[in-house]
Amino acid sequence: MKLAIVAGPATTGKTSVIRHVIRKLKSNEKKAAFLKIDVQYAEEDIELAEEFGIPTRKIYSGELCPDHCNVMVLGDALEWAEEQGSDVLIVETAGLCLRCSPYVEDVLGIVVLEATSGMNLPLKVGPILSLSDIAVVTKIDRVSQAEREVFRARIQDVAPKVLIREVNALYGIGIDPLVEEILESADVEGQLYLRGNPPVGTCTICVGKKEVGWQSHFGVVRSLENQNFYRGQ
Amino acid sequence: MIESVTIMGGHGRSGRPEAVQQIDLKMGNVVSIVGPTGSGKTTLINDIELLANANTPTGRRILINGCVPPSEYRYDPAKNPIALITQHTNFLSDLPVRKFLETHARIRDKRDQSTDGLIERVISFANQLTGEPINLESRMTELSGGQTRALLIADATIICDTPIVLLDEVENAGIHRTRALQLLREHKKIFLFVTHDPRIVLLSDFRIVMREGSITDVLHTDQEEQKLSEGVSKLDDSLCLLREKLRWGQRLIANDLEVFA
């Protein structure tokens, strides 16, 4: 079975992209399953189940970070999708705090960004972009060709190795290359590992060291001069 | 070298095949796309820009030099042979004009030319089309509708500098349209104008006629129309003159309408 993890900020059109991917998978006679991870509300599972008659599920991460939740539940989800006889499991997750990514080693990671979101967005979203395999750019009909190309350049600056694919998720234009990438990806097997380094969870400040100045701390420290662009690894 | 673009017909909104199933555009051709609002003119140039291969709602296919174009045309702006000037009259880009043009020149791979020189040419081109000049340090979002379109036309001509140029209703841009046409036609390219403007239509080699999402006809500009073209241009020049005088706060006089004198 193949696995694809689709992430991206809210309202960029993740579900619209996935809808077209599922349609194309269906026309290739591949069975898709869908898992949505969201904080407290989602209905994409019901919509996609009704529209395509495929097995879908959702999980609310609640007090957990959705990416943390993803790490917890992905093993179960793969078992569930296998039991359903699926060829591809598509996981949609909201990226929230932008300090880590939901992607898994050797599994296709897809980030969905919108061309309308401003030229600095690629610099702001961190590992959700820089650790992805494919950056899908939606809402291309809303901007001029020149802006679409400059947006591509801004993504390349941050994530030079990421494959960029502009799509029109309204009509499903440009979806074919995504489907090809999913079908050509390796089957999932064995122990899976989260891609990139997790952000700090418990730090020296959390455990009560109140001294100001990085010299008094250990683990994850940062000096004023140390302003590396955060890539999650 | 790009020598031709072929539009292979798909179907209209009704699902029926288009009446015209093949149109060949040769290098140097100037072509208009005409039809009432909503007839699918913009969709047609979008199909061309997307290098449609039966994967858009119209089912059309676009061939370059008679073949299915390589996917790098779509995914590498440096290799994209098409510049599309859309009807957008505002930028969403929050970059200063200079930074935007620099970035665009970089991804279109114009490194063989000095970026400063390119940017200077873009601005001087754009400023010939606008009333108020564009400042390189302005944010893109601050530009007016006319300045936006002037900059898009200049960017497409100088930075993209592609063999195929698609223009969507350039006459609505609130810019010096005649000057734009003059400047554009200095370059030998395939031009496609979506237009409602008789002057542009009559200056074209032929026009593609659209109805209800379908290409219904292709009309070559015949001899009678070519003769008419001169008069239409004069009429248009007169109207442009009136527009300019009014724009600059002047009064009109009877002699201003020379064509009818």
Side-chain angles (χ1 to χ4, degrees), chain A residues 11-12 20-21 23-24 27-28 113-124 133-181 184, chain B residues 42-43 45-47 49-58 71 74-78 80 82-97 99-109 122 139-141 148-149 151-160 162 165-168:
Chain A
T11 76
T12 53
H20 287 291
V21 168
R23 183 171 297 136
K24 299 256 177 190
S27 64
N28 280 326
L113 303 174
E114 51 190 352
T116 51
S117 58
M119 293 298 168
N120 289 328
L121 184 95
L123 287 76
K124 290 178 182 175
D133 299 298
I134 308 178
V136 175
V137 179
T138 57
K139 304 191 186 174
I140 52 172
D141 55 324
R142 302 277 304 279
V143 298
S144 58
Q145 184 196 46
E147 276 186 289
R148 191 181 79 210
E149 292 178 358
V150 171
F151 192 70
R152 171 179 269 266
R154 302 287 277 186
I155 294 175
Q156 278 179 359
D157 289 346
V158 173
K161 289 186 182 148
V162 171
L163 193 70
I164 304 169
R165 289 293 175 260
E166 289 96 348
V167 307
N168 179 327
L170 211 55
Y171 295 118
I173 301 167
I175 298 290
D176 290 336
L178 297 181
V179 176
E180 281 162 27
E181 291 287 337
E184 281 166 17
Chain B
T42 299
T43 304
I45 57 168
N46 282 337
D47 278 345
E49 202 258 342
L50 290 164
L51 298 167
N53 190 14
N55 56 354
T56 66
T58 62
S71 63
R74 247 203 95 195
Y75 297 125
D76 182 357
N80 187 350
I82 300 175
L84 168 66
I85 298 155
T86 41
Q87 286 202 56
H88 292 96
T89 51
N90 64 317
F91 286 110
L92 298 167
S93 167
D94 38 11
L95 293 176
V97 175
K99 176 87 183 161
F100 183 89
L101 294 175
E102 264 172 23
T103 313
H104 200 209
R106 177 159 53 85
I107 195 154
R108 279 272 179 176
D109 198 15
V122 172
R139 299 228 149 230
M140 302 282 286
T141 42
T148 299
R149 298 212 65 187
L151 192 66
L152 284 174
I153 292 172
D155 170 86
T157 315
I158 313 262
I159 290 183
C160 299
T162 51
V165 182
L166 315 172
L167 300 101
D168 200 351

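Letters A, B, ... are given to chains in the order of the sequence lines, protein chains preceding strands, and every chain is numbered from 1.
Rounded to the nearest 0.5 angstrom, Lys139(A) NZ and Leu92(B) CG are separated by 11.0 Å. Between Ile140(A) atom CD1 and Leu50(B) atom CG the span is 6.0 Å, to the nearest 0.5 Å. Here the NE2 atom belonging to His88(B) is positioned 8.0 Å from the CZ atom belonging to Arg142(A), to the nearest 0.5 angstrom. Between Met140(B) atom CE and Ser144(A) atom OG the span is 7.0 Å, to the nearest 0.5 Å.
The two atoms that bring Tyr75(B) and Ile164(A) nearest to each other are CD2-O, 4.1 Å, heavy atoms only. Contact detail for Asp155(B) and Ala146(A): the closest heavy-atom pair is OD2-CB, 3.5 Å. Across all non-hydrogen atoms, the minimal contact from Glu149(A) to Asn80(B) is OE2-ND2, 3.8 Å. Heavy atoms only, all atoms of each residue included: Glu166(A) and Arg74(B) are closest at O-NH2, 3.1 Å. Among all heavy-atom pairs drawn from Pro57(B) and Ile173(A), the shortest one is CD-CD1, 3.9 Å.
For Arg152(A), the parts sitting under 4.5 Å from any heavy atom of chain B are the backbone and the side chain alike. Using a 4.5 Å cut-off between heavy atoms, Leu152(B) contacts chain A through its side chain alone, with no backbone atom that close. Neither the backbone nor the side chain of Ala156(B) has a heavy atom closer than 4.5 Å to any heavy atom of chain A. With a 4.5 Å cut-off on non-hydrogen atoms, Asn168(A) does not touch chain B at all. Proximity to chain A (any heavy atom under 4.5 Å) is shown, for Asn46(B), by neither the backbone nor the side chain. Neither the backbone nor the side chain of Gln87(B) comes within contact range of chain A; no heavy atoms are under 4.5 Å apart.
Contact of the Arg106(B) side chain with the Asp157(A) side chain is registered, since non-hydrogen atoms from C-beta on lie closer than 4.5 Å. Within the 4.5 Å cutoff, the side chain of Gln145(A) has no heavy atoms near those of the Leu166(B) side chain.
Judged purely by atom type and a 3.5 angstrom limit, Glu147(A) has no side-chain atom pairing as donor or acceptor with the backbone of Phe91(B). The backbone N or O of Gly174(A) sits nowhere less than 3.5 Å from a side-chain atom of Asn55(B) that would complete a donor-acceptor pair.
Between chain A and the residues Thr103(B), Leu95(B), Ile159(B), Thr86(B), the largest count of heavy-atom pairs under 4.5 Å involves Leu95(B).
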